[in-house]
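Only this structure's heavy atoms are used, side chains among them; waters, hydrogens and symmetry mates stay out.
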Amino acid sequence: VWVWRETTLTGEFPVDARGRAVLPMIGDVTVSGKSADAVVDEIQASFRKFLTNPSIRVSVVRRVAVQGQVGRPGLYPVDATVTIGNVIAMAGGVSASGDPRKIRLLRDGRVVETSLGSETVLERSAVQSGDEIFVAERPWLSRQSGMLVGAGLSVVTGVVVALLLR
């Protein structure tokens, strides 16, 4: 929450399990299930008791774990306006063995969604704080294609050399 010219009222305020945040001067504000705009309206109305024409901005930040085939798996605080691709990029991007087409959303160890695209925006998806974005591994054959091509070329080269030396 950012309140113009009011540094003592500005800050990060975690949302508890009941969906409430405690803000200076106004106390509990229920934010769960509301859009950022609705929260701004409610906070502005509350601050009008103490401030003349308050200017307020609210940024929704979600804590999301990024796991699986990424460069730096871990927990990341992310703005709700970013894409799944941006979140994965924060985690070092999809690793060489990862499949960017197989991104799953897990909640409490269960798969919630299997078709998250890299362009999906968090606030327009099912992603919530505490969820896990999981990048699956590519199938064995596609991970080994370079080695298989190299091995195949070696065999062909060996056969050609053997035939030429006859």
Legend entry - Contact summary for Ala36 and Val60, nearest pair of heavy atoms: CB-CG2, 3.9 Å

Legend entry - Gap between atom CH2 of Trp4 and atom CG of Asn53 - 0.5 Å precision: 9.0 Å

Inset, instruction - Find the distance between CG (Leu51) and CD (Gln44) and round it off to the nearest 0.5 Å. - result: 10.5 Å

Inset, instruction - Working to the nearest 0.5 Å, report the span between OG of Ser129 and CZ of Arg63. - result: 6.5 Å

Legend entry - Val112-Tyr76 co-clustered via ILVMFWY side chain contacts under 4.5 Å: yes

Legend entry - Heavy-atom side-chain contact between Leu9 and Phe47 under 4.5 Å: yes

Legend entry - same_hphob_cluster(Val82, Phe134) at 4.5 Å side-chain heavy-atom cutoff: no

Legend entry - Pair listing, salt bridge (Lys or Arg N to Asp or Glu O under 4.0 Å) test, anchored in residues 102-123, at least two apart: Arg107-Asp131

Inset, instruction - Nearest 0.5 Å please: distance from the CD atom of Glu12 over to the OG atom of Ser59. - result: 9.5 Å

Inset, instruction - Using modelled atom types only, decide if a donor and an acceptor are shared between the side chain of Arg138 and the backbone of Ala96 within a distance under 3.5 Å. - result: yes

Legend entry - Val29 side chain reached by Phe13 side chain, heavy atoms, under 4.5 Å: no

Inset, instruction - Please examine the side chains of Ile84 and Leu122, heavy atoms only from C-beta on, and report whether any two atoms are closer than 4.5 Å. - result: yes

Inset, instruction - Verify the cluster assignment for Phe50 and Val58: are they in a single hydrophobic cluster under the rule of side-chain heavy atoms below 4.5 Å apart? - result: yes

Inset, instruction - To the nearest 0.5 angstrom, please state how far the OG atom of Ser97 sits from the CD atom of Glu137. - result: 5.0 Å

Inset, instruction - Report yes if some heavy atom in the side chain of Ile88 is under 4.5 Å from a heavy atom in the side chain of Val135; otherwise report no. - result: yes

Inset, instruction - Determine whether more than 12 heavy atoms belonging to other residues, nucleotides or ligands lie under 6.0 Å from atom CH2 of Trp2. - result: yes

Legend entry - Side-chain heavy-atom pair Val1, Val3 within 4.5 angstrom cut-off: yes

Legend entry - For the student: nearest non-hydrogen atoms of Val70 and Ala91, plus distance: CB-O, 3.8 Å

Inset, instruction - Answer yes or no: are there more than 12 heavy-atom neighbours, outside Arg48 itself, under 6.0 Å from its atom CZ? - result: yes

Inset, instruction - Say whether, by atom type as modelled, one donor and one acceptor occur between the side chain of Glu132 and the main chain of Val66 under 3.5 angstrom. - result: no

Legend entry - Spatial distance of atom CG (Leu116) from atom CG (Leu105) [nearest 0.5 Å]: 5.5 Å

Inset, instruction - Compare all side-chain heavy atoms of Val78 with those of Val61 and state whether any distance is below 4.5 angstrom. - result: no

Inset, instruction - Would you tell me whether Asp79 and Thr81 have side-chain atoms, one donor and one acceptor, within less than 3.5 Å of each other? - result: yes

Legend entry - ILVMFWY network linking Val64 to Val15, side-chain heavy atoms under 4.5 angstrom: no

Legend entry - For Val121 against Ala80, the heavy-atom pair lying closest together: CG1-O, 3.7 Å

Inset, instruction - Heavy atoms only: give me the nearest Pro73-Gly68 pair and the separation to one decimal. - result: CG-O, 4.3 Å

Inset, instruction - Using a 4.5 Å cut-off on heavy atoms from C-beta on, say whether the side chain of Thr30 contacts that of Lys34. - result: yes

Legend entry - ILVMFWY cluster, Met90 and Val94 together (side-chain gap under 4.5 Å): yes

